Amino acid sequence: MADDLKIKANAFKSDLRPIWCPGCGDFGVLAAAYRAFAELGLDPDRTVIVSGIGCSSRFPGFVTTYGFHGVHGRALPTAMGVKLANPELDVIAVGGDGDGFAIGGGHFPHAARRNVDITYVMMNNQIYGLTKGQVSPTSLQEQKSPSTPFGNVEEPLNVLATAVAADCSFVAQGASFRSKELTELIVEGIRQPGFSFIDAFSPCTAFNNTTQEWKEGAHTLPAEHDATDRAGAFATALADPMAIGIFYRRPRPTLDGRVLAMQEAAEPGSVDELLDGFAVAEKTAA
Amino acid sequence: MADDLKIKANAFKSDLRPIWCPGCGDFGVLAAAYRAFAELGLDPDRTVIVSGIGCSSRFPGFVTTYGFHGVHGRALPTAMGVKLANPELDVIAVGGDGDGFAIGGGHFPHAARRNVDITYVMMNNQIYGLTKGQVSPTSLQEQKSPSTPFGNVEEPLNVLATAVAADCSFVAQGASFRSKELTELIVEGIRQPGFSFIDAFSPCTAFNNTTQEWKEGAHTLPAEHDATDRAGAFATALADPMAIGIFYRRPRPTLDGRVLAMQEAAEPGSVDELLDGFAVAEKTAA
Amino acid sequence: MIRDDITVRLAGESGEGVISGGDILTTGAARTGYWALTFRTYPAEIKGGPCMYQVRVGVNEVHSQGNAVDLLLCFNQEAFDLHHHELAPDGHIVCDAESVKVTPAFESRCSEVPLGALAQEAGGSRRGKNMVAVGLVCGLLGIDTHKIEQMILKRYAHKGDVGEANIRSLLAGAGHARSQLPEGVHRLGPATAQEEERVLLSGNQAICLGALHAGLTYYAGYPITPASDILEWLAGRLPRFGGAAIQTEDEIAALASVLGASFAGKKAMTATSGPGLSLMAELVGLAGMAEIPAVIVDAQRSGPSTGMPTKTEQSDLNHALYGGHGEAPRVVMAPTSVADCFTVIVESFNAAERYQVPVIMLSDQSLSHRLETVHRPDPAEHEVVERLRPHGTVNGDYNRYEISADGISAMAVPGGGGAYVSTGIEHDEAGNPHYEPELHEAMMAKRFGKLDPLMRESRISFSGPDRADVGILGWGSTEGAAIEAAAICLDQGVKVSTCYPRVLGPLPVDRIGRWARGMDRIIVPELNVTGQFARVVRADTGLTVDSITKATGLPFTARQIADYVTDEVRPQDDSGVWEAGVTGEARVG
Amino acid sequence: MIRDDITVRLAGESGEGVISGGDILTTGAARTGYWALTFRTYPAEIKGGPCMYQVRVGVNEVHSQGNAVDLLLCFNQEAFDLHHHELAPDGHIVCDAESVKVTPAFESRCSEVPLGALAQEAGGSRRGKNMVAVGLVCGLLGIDTHKIEQMILKRYAHKGDVGEANIRSLLAGAGHARSQLPEGVHRLGPATAQEEERVLLSGNQAICLGALHAGLTYYAGYPITPASDILEWLAGRLPRFGGAAIQTEDEIAALASVLGASFAGKKAMTATSGPGLSLMAELVGLAGMAEIPAVIVDAQRSGPSTGMPTKTEQSDLNHALYGGHGEAPRVVMAPTSVADCFTVIVESFNAAERYQVPVIMLSDQSLSHRLETVHRPDPAEHEVVERLRPHGTVNGDYNRYEISADGISAMAVPGGGGAYVSTGIEHDEAGNPHYEPELHEAMMAKRFGKLDPLMRESRISFSGPDRADVGILGWGSTEGAAIEAAAICLDQGVKVSTCYPRVLGPLPVDRIGRWARGMDRIIVPELNVTGQFARVVRADTGLTVDSITKATGLPFTARQIADYVTDEVRPQDDSGVWEAGVTGEARVG
Ligand SMILES: Cc1ncc(C[n+]2csc(CCOP(=O)(O)OP(=O)(O)O)c2C)c(N)n1
Ligand SMILES: Cc1ncc(C[n+]2csc(CCOP(=O)(O)OP(=O)(O)O)c2C)c(N)n1
Ligand code: SF4
Ligand code: SF4
Ligand SMILES: [Mg+2]
Ligand SMILES: [Mg+2]
């Protein structure tokens with residue numbers, strides 16, 4: 001990284017020391033985000049990072065942009081409100097796999113199909129970090145955890161396949177430990193208008209230390225992968241779940257763009273004129 | 001339908017007159033369900049129909065089985081509780097597209113990946129019937145409705161693709177106006193252990209009268225469709241969204257089965273024995 | 001007899017034109033210079049089922065739906081069966097001669113008119129029945145049909161001669177009434193001259209208009225009866241104000257996005273009914289903790305759970321005040337009439353923005369959906385407040401949650417400098433998470449203390465003398481009936497005053513306490529079972545009050561409240577001593 | 001001096017073994033025959049950060065965490081800085097000689113011990129520091145280390161000679177204390193003989209055990225501090241009882257599935273903390289309306305919103321009582337101690353099943369997570385109630401919602417005949433949707449009326465004389481401190497009694513009223529800002545009470561309550577007249 005970029009990236013670093021455990025993948029995602037923001041030349045004053053609750057959701061505090069650290073699972077609708085209120089802002093949603101696909105899972109398909117122009121970086125550690133290690137919707141079947149002492153009875157959710165099914169306009173997978181790629185994916189995700197989803201492997205060293213395994217398993221998506229083919233992207237998401245890269249990409253009109261167009265097409269209104277429509281009688285002389 | 005079956009089907013008909021509008025598709029789904037229950041020889045006393053809120057969710061009231069008419073969007077987790085409490089029951093969840101994929105959408109993938117043995121029949125009219133005609137997650141883009149006077153800005157959710165992405169063990173599509181097929185699909189869905197999802201076209205004659213259009217568009221899934229191929233099922237869900245039939249089918253261990261196995265593997269416990277583990281001292285003589 | 005106001009009820013089967021007939025009658029009467037206030041019930045069926053439309057028409061302003069029906073129009077037998085017992089002793093029934101068999105006891109007060117035949121004859125179609133009915137009402141009451149004819153022409157302008165046919169049916173009805181029906185039926189006095197412009201609005205429409213005036217530009221909501229029409233109305237208008245109305249996947253997403261939009265600097269609102277408000281509990285707490293302005297309209301319906309969704313009730317007060325874990329500040333307001341809906345929604349936005357809190361405004365089904373002629377609101381008279389923003393450009397040292405003297409901290413907005421993290425975790429002044437005991441106590445004190453001025457300054461409406469036999473202390477949509485009840489009581493020699501605070505949380509206890517000193521006894525009427533407001537009053541003010549509750553799904557009539565006062569509360573001797581006690585619950589049918 | 005009880009606090013950095021040291025000390029003391037009660041705070045960091053573990057060890061039963069620290073063990077400088085001001089005036093500090101610099105004012109009350117060096121020397125590793133610390137405590141207080149040695153051996157049975165090494169560190173600490181440390185430090189009296197068996201439990205463990213005894217077989221929950229360990233503990237045990245514990249996708253799904261399981265005939269429960277309880281509001285209403293038994297444990301934490309999730313507070317009472325739209329019956333209970341957690345959860349299941357309502361049981365972080373030696377509960381002494389089921393086989397005419405004399409209707413269960421539809425819509429006796437006004441009123445009366453016996457019969461614990469200067473009326477985990485405060489007050493000549501109802505909704509107003517008649521003044525201490533229970537008491541009983549609130553995230557000490565009583569409440573003259581008024585709020589630091 002050029003020195004200049006390093007300085008710019010550093011400018012996104014807030015004074016707050018991350019409370020994460022040593023080795024936590026979230027550090028890597030944070031660093032990649034700093035660099036991506038720098039590369040894109042984001043204006044911290046016009047950038048908002050929205051999160052839910054979880055270790056990973058502490059993220060906004062460590063960045064010098066605006067932040068919204070809301071409640072568990074509601075980052076996406078909150079981010080939509082921010083973006084629609086001011087479409088000039090760059091809005092990034094972040095959080096964990098529990099936040100995103102357990103309690104918050106009901107919002108994901110709607111953010112995707114609305115195609116609101118935000119980028120969602122999900123730090124996936126296949127575990128609930130903050131609450132000390134229970135399984136999440138992405139945890140492996142049979143996995144033992146404090147809440148599954150006899151092994152997890154549930155099949156993990158394939159979040160990439162889910163995103164493709166929701167016709168998410170940009171679906172990618174990165175990893176905290178593959179910094180350059182992750183930086184690029186975040187850059188691409190933010191650049192693309194519409195809803196971009198980046199599933200970022202981000203190991204939890206405290207409760208599900210998959211660092212080694214994931215480093216070994218992760219690999220770049222084959223160059224011949226056709227990201228414009230939705231059915232193909234789905235097949236790849238099933239067949240090659242450890243691949244890093246852009247699985248699917250289909251730019252299309254954004255919600256904020258459509259809303260702007262609607263506003264522009266509309267005649268400016270006034271309350272007085274609307275009241276006229278309800279008038280039942282004018283003043284009459286006594 | 002054999003006369004005998006007709007009598008059996010009639011036995012599932014409760015005294016309550018459906019409050020639906022004339023021509024509502026839900027009548028057709030209800031009739032198919034009566035027949036399917038009869039064909040399967042379900043015991044009304046051991047069958048529970050669980051629903052949320054909506055026109056379609058009034059369904060349990062019209063059947064002589066047990067019913068649970070809960071709150072909006074929570075039919076699936078409620079049905080899971082019923083099934084786990086008593087795995088001998090046949091549990092069927094029903095409801096509308098809003099109930100299932102708007103407010104209740106967060107529960108769907110988890111019911112699917114847990115593979116709890118229930119059958120979910122969703123009466124899809126691509127509209128909110130009960131609240132008088134606002135768009136639902138399955139409504140078409142640009143569709144005008146009371147809440148979208150300038151046209152719907154959202155892309156519809158492909159519920160079949162979503163179900164396949166969640167690895168739902170049985171994914172089918174039927175239609176209120178193709179009664180025989182729908183009956184068969186419900187029979188098959190109930191027969192298959194695990195979570196079965198049946199998307200049933202069921203036109204809302206009052207607020208989104210697609211009856212004619214859908215009758216014309218609907219057609220049987222080509223015989224060569226391979227329902228065991230998940231990626232293929234996804235591709236078909238995208239390419240042939242009006243097809244009637246079984247899109248995907250993958251029987252695998254059910255949640256209730258796994259829980260039973262866990263119970264059987266465990267040593268019977270007693271509170272007294274558990275208390276022993278916390279004992280700090282026995283009675284000592286003074 | 002010539003009367004100042006008359007209550008008319010049309011009843012029939014959905015699809016027979018009862019609702020459209022009622023709407024036309026109401027609008028026509030309003031355009032003719034009368035005051036009108038409507039009241040409807042809805043069938044349980046999705047389509048079809050019995051329905052009714054009641055309109056009280058007055059020479060002067062009317063404040064409630066009326067006590068009994070003066071003129072009842074029955075389209076069919078079921079309508080007669082369901083409604084005839086609500087007829088006033090001197091009321092009159094007109095029913096369809098072809099379908100209704102009148103019970104002997106009512107024969108003398110009933111006229112039979114062949115609605116369908118008249119419509120067929122005059123307009124060429126039996127479907128014009130409802131126009132005949134409207135004409136009959138106009139003829140009986142003496143309402144000039146001129147304005148109604150204009151309306152009909154306009155409404156069917158593009159439908160060939162449907163308009164003309166309808167007018168013929170209308171006039172046939174009116175003529176029939178004048179020529180064939182008994183003379184003894186009450187007539188309305190002539191409409192008086194209008195000194196001001198008037199509009200005919202529903203409560204929900206008044207809420208929408210007020211919200212637009214207050215500066216609303218972001219609305220998100222999930223459909224639910226009786227709040228859906230707020231979403232629908234705004235969806236068509238907000239783009240014209242540079243705003244947007246989004247239908248979200250559920251109520252949680254609606255409020256989450258409202259908070260996001262408000263954080264980003266917009267005035268934002270959602271509207272729902274009870275079940276949605278329940279789901280919003282967690283996010284209301286976030287708004288309180290993170291100090292984000294937001295307005296939440298709750299059009300209450302009859303609960304609990306799904307309950308009776310088309311009926312009215314005032315039973316979400318507890319949840320509005322106390323719902324949600326922990327202790328997060330909020331403001332709870334309640335409008336008392338359609339006109340007040342406009343005023344209170346503006347006040348709600350003002351409080352939200354001034355105090356940076358969520359404001360829950362409690363309407364109810366009867367208020368949200370009734371039509372009422374009101375003085376045309378003059379937006380210029382309703383001041384609009386903006387939130388405190390940091391002065392000039394902010395750099396470095398901006399403290400979003402500064403513990404200022406009045407507890408209100410300047411709120412930066414993205415794009416305006418002063419980047420910070422808005423958070424529901426306990427935080428220091430800069431917004432960083434901190435759990436120190438003293439800090440938590442200081443922040444809790446800040447968040448609650450900032451509402452103190454509101455407690456002193458919020459609006460209360462009083463009617464009646466400063467010293468009275470009975471004080472009615474109420475909230476929300478019961479005010480009209482309470483004021484009219486006071487008039488009934490005065491006729492019977494009982495002095496009654498009313499006190500309706502618009503802000504129920506924080507309650508203006510001192511001013512209520514001062515008012516209460518002049519009252520020999522206080523009653524709290526409300527449409528619920530447990531007497532929610534009465535409990536709040538007892539807990540917050542220490543006053544001893546009688547709780548009068550009604551939970552039938554229907555609003556109070558003035559007469560019901562008056563009867564309670566005169567039967568139960570009226571002093572039996574001159575000692576002036578009332579039995580003290582915190583109980584004294586009463587149920588009004 | 002020999003004391004009956006001593007409060008010890010270990011403080012250091014997470015990872016230094018403070019928590020495991022505290023656990024060993026607590027369990028060891030308990031096994032040696034002492035009574036113990038612990039109190040912990042948690043760092044904000046996920047891992048690392050300052051932590052502390054306090055244990056009060058008594059010769060007799062102890063009821064609260066202790067007023068001030070008698071013996072403080074500091075592992076590092078930050079620990080000293082954070083905690084030394086909580087030392088009792090006659091307390092003593094032992095700190096790590098290698099890392100702590102003691103402020104001069106404390107030098108005389110402080111011993112410096114090279115923890116790491118002693119551990120290295122005795123056990124071969126500086127990581128044995130915490131064992132040295134435990135040994136020091138035992139040596140100073142005079143606790144026999146025999147049981148602790150056994151525990152250590154058992155714990156490290158499979159870890160080679162780690163156990164032996166740890167024991168050497170322990171003994172080195174104990175020896176150092178006896179030989180090198182000052183004599184003046186307080187010592188504990190000898191452990192007395194045990195007349196009964198005892199167990200050492202946390203509040204959450206007691207809840208789990210009680211729930212199993214009550215017949216729990218279906219549990220569903222979503223992780224949340226401080227309730228997660230209920231899910232975790234039950235997940236390992238329920239299969240052994242033919243049951244299951246399911247981790248759901250959120251709290252809404254958890255309660256929905258609990259209602260489904262209960263409908264299907266199982267005893268079912270969920271546990272959560274504030275944010276989850278907020279999300280459950282709508283479904284609590286459904287349970288009330290559809291009359292489905294369910295138990296919801298709320299381990300309260302410091303709010304609002306995410307607040308301070310590792311700290312304690314009693315601030316969900318309002319939501320438990322009043323949360324959710326409309327008016328749905330529910331029962332709210334609160335245990336007051338770890339032993340009481342067992343009893344109250346059984347009572348919660350019994351109430352849920354008997355009255356067919358949701359029961360919310362309010363624990364809090366300090367109670368859920370503290371360890372306490374308690375008399376071993378005898379399950380046989382805790383009666384278990386089953387819901388009313390239809391007699392024999394049901395056919396045809398079964399009315400699920402029959403309006404019976406006591407409001408309780410037999411509940412059929414799938415598989416047992418009597419198929420019906422359970423519903424949140426207003427319904428007739430058979431369960432079919434109906435909106436008639438009279439029916440709604442009758443059903444509302446049924447649903448609330450059925451709880452009347454509970455109001456009369458629910459358990460209340462009283463302590464102190466029938467006539468006292470001050471009555472403490474409280475709820476939940478403050479009882480221990482209140483009882484100890486009463487003892488402190490008596491020493492100063494003020495008679496204090498306590499009254500702790502276990503059921504807070506519906507509140508046993510008559511019995512509280514009778515008790516109150518003997519009290520000159522009543523105070524209501526609670527861990528929140530707005531005095532929630534005090535408001536409930538005022539509204540429901542009409543009593544005038546003082547609200548004492550504390551919201552620092554930490555529990556009351558007995559001393560804090562006693563100080564309030566003796567400073568603020570003690571009568572200044574003999575007139576016996578107290579200033580009346582509904583305010584009188586006080587905040588305790
Ligand atoms: C409504 C609600 N329920 C539960 C919690 C407790 N909680 C906090 S974070 C979390 C899950 C954390 O997992 P994830 O989202 O994957 O984030 P991670 O900590 O792994 O980064 C839970 C269950 C909460 N804060 N709010
Ligand atoms: C929490 C909550 N929000 C909103 C509603 C209002 N509501 C009832 S049914 C419904 C949607 C109906 O649509 P759908 O589920 O598709 O069923 P349909 O009527 O079309 O069969 C809504 C929004 C409610 N009952 N509860
Ligand atoms: S618990 Fe896991 S996810 Fe959380 S900070 Fe530690 S390593 Fe990271
Ligand atoms: S509104 Fe639509 S969905 Fe509802 S009953 Fe009528 S036709 Fe059916
Ligand atoms: Mg995670
Ligand atoms: Mg629908």
Side-chain angles (χ1 to χ4, degrees), chain C residues 44 273-275 277-279 281-282 285-286 288-290 298 300 302-308 310-311 313 315-316 318-319 321-328 423-426 433 435 437-438 440-441 444-445 448 528-530 535-536 538-542 544 551-554 581-582 587 589, chain D residues 44 273-275 277-279 281-282 285-286 288-290 298 300 302-308 310-311 313 315-316 318-319 321-328 423-426 433 435 437-438 440-441 444-445 448 528-530 535-536 538-542 544 551-554 581-582 587 589:
Chain C
S273 188
L277 194 71
S278 284
L279 288 172
E282 189 192 16
L286 172 65
M289 182 66 156
D298 174 21
Q300 299 167 95
S302 181
S305 195
T306 307
M308 308 194 298
T310 55
K311 304 267 174 171
E313 210 167 87
S315 57
D316 296 349
N318 275 342
H319 182 77
L321 289 169
Y322 308 123
H325 68 283
E327 297 176 301
T423 177
I425 292 194
E426 191 54 289
Y435 296 174
E438 301 71 28
H440 181 51
E441 293 218 312
M444 289 299 286
F448 279 99
N528 57 45
V529 169
T530 62
R535 289 186 83 267
V536 171
R538 287 176 195 133
D540 284 2
T541 69
T544 298
T552 56
L554 305 172
V582 291
R587 205 69 49 78
Chain D
S273 189
L277 194 70
S278 285
L279 289 171
E282 189 192 13
L286 172 64
M289 182 66 156
D298 174 22
Q300 298 166 97
S302 182
S305 195
T306 307
M308 308 195 299
T310 55
K311 304 267 173 170
E313 210 167 87
S315 57
D316 296 349
N318 274 342
H319 181 77
L321 289 170
Y322 308 122
H325 68 283
E327 298 176 301
T423 177
I425 292 194
E426 190 55 287
Y435 296 175
E438 302 70 30
H440 181 51
E441 292 218 312
M444 290 299 285
F448 279 99
N528 58 45
V529 168
T530 61
R535 288 186 83 266
V536 172
R538 286 176 195 134
D540 285 0
T541 67
T544 297
T552 56
L554 306 172
V582 292
R587 205 67 52 77

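Proteins get letters first, then strands, A, B, ... in listed order; numbering begins at 1 in each. Not measured: the values here are computed from a predicted model.
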Please identify, among C/S273, C/G553, C/A290, C/G424, the residue contributing the most non-hydrogen atom pairs under 4.5 Å to chain D. C/G424
Residue among D/G288, D/G324, D/G323 with most heavy-atom pairs under 4.5 Å to chain C: D/G324
Whether the side chain of D/D316 engages the backbone of C/G326 through a donor-acceptor N/O pair (distance < 3.5 Å, no angle test) should be reported. yes
Does the side chain of D/Y322 reach to within under 4.5 Å of the side chain of C/H319, using non-hydrogen atoms? no
Pick from C/L279, C/I425, C/D298, C/L321 with the largest number of heavy-atom pairs that fall under 4.5 Å of chain D: C/I425
If you count heavy-atom pairs within less than 4.5 Å of chain D, which of C/P433, C/A328, C/S305 leads? C/S305
Grab the two heavy atoms, one from C/A281 and one from D/S278, that are nearest each other, plus how far apart they are. CB-O, 3.8 Å
Let's test your reading of the structure: which of C/G274, C/S302, C/G303 forms the most heavy-atom pairs below 4.5 Å with chain D? C/G274
If you tally heavy-atom pairs under 4.5 Å between each of D/M308, D/K311, D/Q300 and chain C, the highest tally belongs to D/M308
Going by distance alone, is a donor N or O of one side chain under 3.5 Å from an acceptor N or O of the other, for C/E313 and D/H440? yes
Taking side chain as C-beta onward, heavy atoms only, is D/R535 less than 4.5 Å from C/R538? no
Please check if the side chain of C/H325 supplies one atom and the backbone of D/P304 the other of a donor-acceptor pair under 3.5 Å. no
Inter-residue atom distance D/T306.OG1 - C/L286.CG, 0.5 Å rounding: 7.0 Å
Do you know which of D/N318, D/T423, D/L277 has the most heavy-atom pairs with chain C at a distance under 4.5 angstrom? D/N318
Where is the tightest heavy-atom contact between C/G307 and D/M289, given as atom of each residue plus distance? CA-CE, 3.9 Å
Considering only heavy atoms from C-beta outward, does the side chain of D/L554 approach that of C/P437 to under 4.5 Å? yes
Checking side-chain polar atoms at under 3.5 Å, does D/E327 have a donor or acceptor matched by the opposite partner on C/T530? yes
Is there a donor-acceptor contact under 3.5 Å from the side chain of D/E441 to the main chain of C/A551? yes
